Amino acid sequence: MMEEQRNVVYGVNGPVVTVRDTKSFFMQEMVLVGKERLVGEVIRVTSRETLIQVYEETTGVRPGDPVEPAGVPLSVTLGPGLVGDILDGIERPLRAIAAKDGAFIGRGAQVGGLDTKKRWETHVIVSEGEELSGGSVFAEVRETESFLHRSMVPPELSGMVVWTAPDGEYTIEEPIIRLRDVNGEEHTVCLAQKWPIRQPRPFRERLPFTVPLITGQRVIDSVFPIAKGGTAAIPGGFGTGKTMTQHQLAKWCDADLIVYVGCGERGNEMTQVLDEFGELIDPRTGKKLTERTILIANTSNMPVAAREASIYTGITLAEYFRDMGYDVAMMADSTSRWAEALREISGRLEEMPAEEGFPAYLPSRLSAFYERAGSVTTLCGRRGSVTVIGAVSPQGNDFSEPVTQNTKRFTRVFWALDKSLAYARHYPSINWLDSYSEYEPDLAPYFNARIDSHFGEYRRRVVSLLLEESSLMEIVKLIGADVLPDDQRLIIDIARVIRVGFLQQNAYHPEDTYVPLEKQFRMMKTILHLYDASRALIEKGKPASRVSESGLYEKLIRMKFDIPNTDLSGFDVLDAEIDRTVERLAAQ
Amino acid sequence: MIISYQGLNEVSGSLIALEGVTGVGYEEQAEIRMRDGTVRTGKIARIDGDRVIVQVFEGTAGFSLENTETVFRGRPMSLPLSAGILGRVFDGTGKPRDGLGPVFSDCVRDINGSAINPVERVYPRNYICTGISAIDALSTLIRGQKLPIFSGYGMKHNELAVQIVSQAKIAGEERGQFAVVFAAMGVKNDVAAYFRRCFEDAGVLDHVAMFLNTSNDPIIERTVTPRCALTAAEYLAFDLGMHVLVVMTDMTSYCEALREFSSSKGEIPGRKGYPGYLYSDLASLYERAGMVKGKNGSVTQIPILTMPNDDISHPIPDLTGYITEGQIVLDRALNGKGIYPPINVLLSLSRLMKDGIGEGYTRADHASLMNQLFSSYSKVQDARALSAVIGEDELSETDRRYLQFGQAFETRFIAQGQHESRSIEETLDLGWEMLKLLPASEMDRLDPKLLAAHFGAGD
């Protein structure tokens, strides 16, 4: 056998490093570049040269520096220890890096993905002689107080259990069980396993969307709901509240686990999430929100190539926890930065650009990513889901740019954030005319059965009132509201109550930041009740101005603050007051 | 290790190519010596085997293929630093240009810096009182924030920056802990002189380090000017524990320099010809603001950019807005009315203010007042549009009150003197005074308690 070939750097251009005269690399293989052992990935192989994208700054890399193949595709380690941690784009724990390098991130930091020293209290739930297939749960680890980690046989393995470790404390690398496969070969299984980030993890079958992801945000749950396992896009220019909306969803949605990917965004925002989630209490478990959150941070000044990887790292972690039978929600803020990272690498490779310099494979990459969401039966027969909510930062607030348009093609909920609403400090600034949810028909049975049989009907009426208002506003802009006939003035007034009292939601108000579905429904019901009663009044020939003078509108606008989430009897009082007032006005 | 090479293989724009080079690293610093003894600085922009492409900051005028000698320093471009940089004036690459000789340095730092680890950041919460009502009340500046001023040609952004710098000092810490780093990129000589004069008048010149790349200096030098300035700022903040305010003007010239350099390298352009990595590049500057655990100092950035054709969707303001924590937008219409500072409060925003205002920071009623002012002032725009169509006489009583409110808000609340510094109490009280021009029934963002406190009767 020939002496093993030593591969060395030939050229450097930004994050792209060239190696010549070698045939030993394969596509998407992980490599270590230079004396500092910077992590990289093979992105092009030709007979002449191999191109490597390096996930760290390449300053100081010289021709002749060693390039070491890892022999495996770029992978993440999956096992206990992820929940509650903050990782960089290629799954290195930032806390461990800080302990090593201090406040500024050094390069080539050789920190593994998971803590291999920590011992986990492990309960083995299989016994010798049992037949296990890929994805079967063999042990349970209490990862945080509120989160139970189910350790699974890697998907490609199966066989009979020939040995189990007794219950006790183990590191992620110690053997827990041994399996003998059909060929008689024995395999050791431990708490951790590896998985290539660009390959979707397998499952048994996809399930239809029937359950909503409940977020406690009225404009989302009641008007544009998202299903568990669904995909949503939040496009919006800067200052429209994308990140704020993502944070609200991460805090309040009823998923079991949140994977929050800060992709090319601000460092202070990640710090804010860390601080805030460390203090906030999850209303369902009574534990800190960090105990159900994994943060992946590639801030805008961290290496651009790792930004491209961070999205895949995030979705791979989400799929892993889905396979345990959990509902996982992944927030990606922002997918535009990921697309820009693709564009930058593509430019360095001198590929032919398509629209606005983005590579021609942008749509296929986007669709492949969003298709990794879904509600599934896992290999172990449980139900799990990955919901993906991707923020999009359209260049120049122009929704016709390629990333927004292609994202729109592959996601089924579109929450369009509106600059003019944000300027008027209407939050969440989700525009009710441009947004849509394709899951609404799938989810209507759930709302009608669980909350009230009128839920779907009220939702439609609220939306149509808003639509009517917007066409009336065209006239009002030209001639003022005074000249409108009374029934149309009423629509304008009620639509204002819907906009200010229902759609607007104050994230900083303790009562309003999360609103249960029952209260959302009662709010719609009371607003529509006032509308119906006032309309009857107008049909009797009474002027619409009487209702607005009665102060009822202001009361309805304030009901979100005045009526507590835990005691909805205030709505009965309010409904009765509406009846009384309208009766009085009719008698005048 | 220092390696030197005679002659060049190619000169194109600001780039030179050398062949047969070995043992040099990516982004390493190069010195190009000409026959007449002058020295220029460069940086390795690309390596292909033994062929190296170097970007020359001072430009390549006068280069032939034979009259130069190139020396590689074996390290990335770096800046000598010490407390002695305060009170000094440097050129765009960090060389002294005030004739006072070289800086006696305590340490030498790579000007590219490193990313701050998010787990080591301290979330900024302390507000800086600038004495300017439109900023303090509605887009509060927080220590450690990056808050750019979006302006246009001919508007008073420089005056505003000077006012912020000189008044923020008064409300801030004791003198020894305060410093200003000023980076000028492609600004006119008289603008640079104006800043210097104003710092002198305010008596802070010995706390200022200036990095000047004026509009007649080489363009490529401009691409390193903010990096030198920020490296100095990080040193002052995190090594010496100072609170540093960094003023960078004009970011538009910086981006144009980047575009020029990118096209000379033959890169594929993104929007409006700017390179596809403009976002990452700007982020590598703006993200160098903040505070870190265990250190006293802070870096607060006020970048100034002029929006080409006043277009806020132009790539430069657009990408800046996506990175920075808010923006202060100047408005040509207000400027035309003679209002200084001409801040368009509806377009302006401070993302960090929500955690830095209220009880214990500014005043308990701040947040509610701010929300109500925004909401009311945004309705002024509707009333004005309507009045333009149907005439002021036809407006309803409420709409007429809105017009009065809008007028007073602009001329009394936003407008103030260039040397007028209002305390936070004065600013907030003035805000309430403005709101009282409107009927109580229009207060849709106030809770009943505040409503009763300021409008008397209420339910």
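Note: hydrogens, waters and symmetry copies are ignored here, and every other heavy atom, side chains too, is used. Below, chains carry the letters A, B, ... as their sequence lines are ordered, and counting in each starts from 1. Given the structure is predicted, the values throughout are model-derived calculations rather than measurements.
Interface remark: A/Leu94 contributes backbone and side-chain atoms alike to the contact with chain B (heavy atom separation under 4.5 Å). Residue contact with chain A, scored on non-hydrogen atoms closer than 4.5 Å, is absent for B/Tyr377. Contacts of A/Phe358 with chain B are absent, with no heavy-atom separation under 4.5 Å from either backbone or side chain. With a 4.5 Å cut-off on non-hydrogen atoms, B/Asp355 touches chain A through its side chain but not through its backbone. Contact of B/Glu234 with chain A is made through the side chain alone, with heavy-atom distances under 4.5 Å. Within the 4.5 angstrom heavy-atom criterion, only side-chain atoms of A/Arg343, from C-beta onward, approach chain B. Only the side chain of B/Tyr279 comes within contact range of chain A, with heavy atoms under 4.5 Å apart. With a 4.5 Å cut-off on non-hydrogen atoms, A/Ala98 touches chain B through its backbone and its side chain both. If you measure heavy-atom distances from A/Gln504 to chain B, the contacts under 4.5 Å come from the side chain alone. Proximity to chain A is limited to the side chain of B/Glu120, based on heavy atoms less than 4.5 angstrom apart. For chain B, the nearby part of A/Asp275 is the side chain; its heavy atoms alone come within less than 4.5 Å. For B/Ser348, the part sitting under 4.5 Å from any heavy atom of chain A is the backbone (N, CA, C, O) and nothing else. For A/Val304, the part sitting under 4.5 Å from any heavy atom of chain B is the side chain, from C-beta outward, and nothing else. Using a 4.5 Å cut-off between heavy atoms, A/Thr299 contacts chain B through its side chain alone, with no backbone atom that close. For B/Ile268, the part sitting under 4.5 Å from any heavy atom of chain A is the side chain, from C-beta outward, and nothing else. A/Ile86 touches chain B through its side chain: at least one heavy atom from C-beta onward sits under 4.5 Å away, while N, CA, C and O do not. Using a 4.5 Å cut-off between heavy atoms, B/Arg75 does not touch chain A at all. Heavy atoms of B/Lys295 lying under 4.5 Å from chain A are absent altogether. Neither the backbone nor the side chain of A/Glu355 comes within less than 4.5 Å of any heavy atom of chain B. Contact of B/Val122 with chain A is made through the backbone alone, with heavy-atom distances under 4.5 Å. Residue B/Val24 touches chain A through its backbone alone, counting heavy-atom pairs closer than 4.5 Å. In this structure, no portion of B/Lys379 lies under 4.5 Å from any heavy atom of chain A. Residue contact with chain A, scored on non-hydrogen atoms closer than 4.5 Å, involves the backbone of B/Ala45 exclusively. If you measure heavy-atom distances from B/Val52 to chain A, you find no contacts under 4.5 Å at all.
Geometrically, A/Arg337 engages B/Tyr322 in a cation-pi contact, judged by NZ or CZ lying under 6.0 Å from the ring centre and within 45° of the ring axis.
The CZ atom of B/Arg351 sits 11.0 Å away from atom CE of A/Met244, with the distance rounded to the nearest 0.5 Å. Atom CD1 of B/Ile44 and atom CZ of A/Arg62 lie 8.5 Å apart (nearest 0.5 Å). In this structure, OG1 in A/Thr271 is found 7.5 Å from NZ in B/Lys293, a value given to the nearest 0.5 Å. Atoms CG and CZ, from B/Leu352 and A/Arg266 in turn, are 9.0 Å apart once rounded to the nearest 0.5 Å. For the atom pair CD of A/Gln272 and CD of B/Glu325, the computed distance is 9.5 Å after rounding to the nearest 0.5 Å. Note: B/Leu349 CG to A/Phe238 CZ = 9.0 Å, rounded to the nearest 0.5 Å.
When B/Asn112, B/Ile116, B/Asn371 are compared by the number of non-hydrogen pairs under 4.5 Å with chain A, B/Ile116 comes out ahead. In terms of heavy-atom pairs under 4.5 angstrom with chain A, the leader among B/Val389, B/Ile53, B/Leu346 is B/Leu346.
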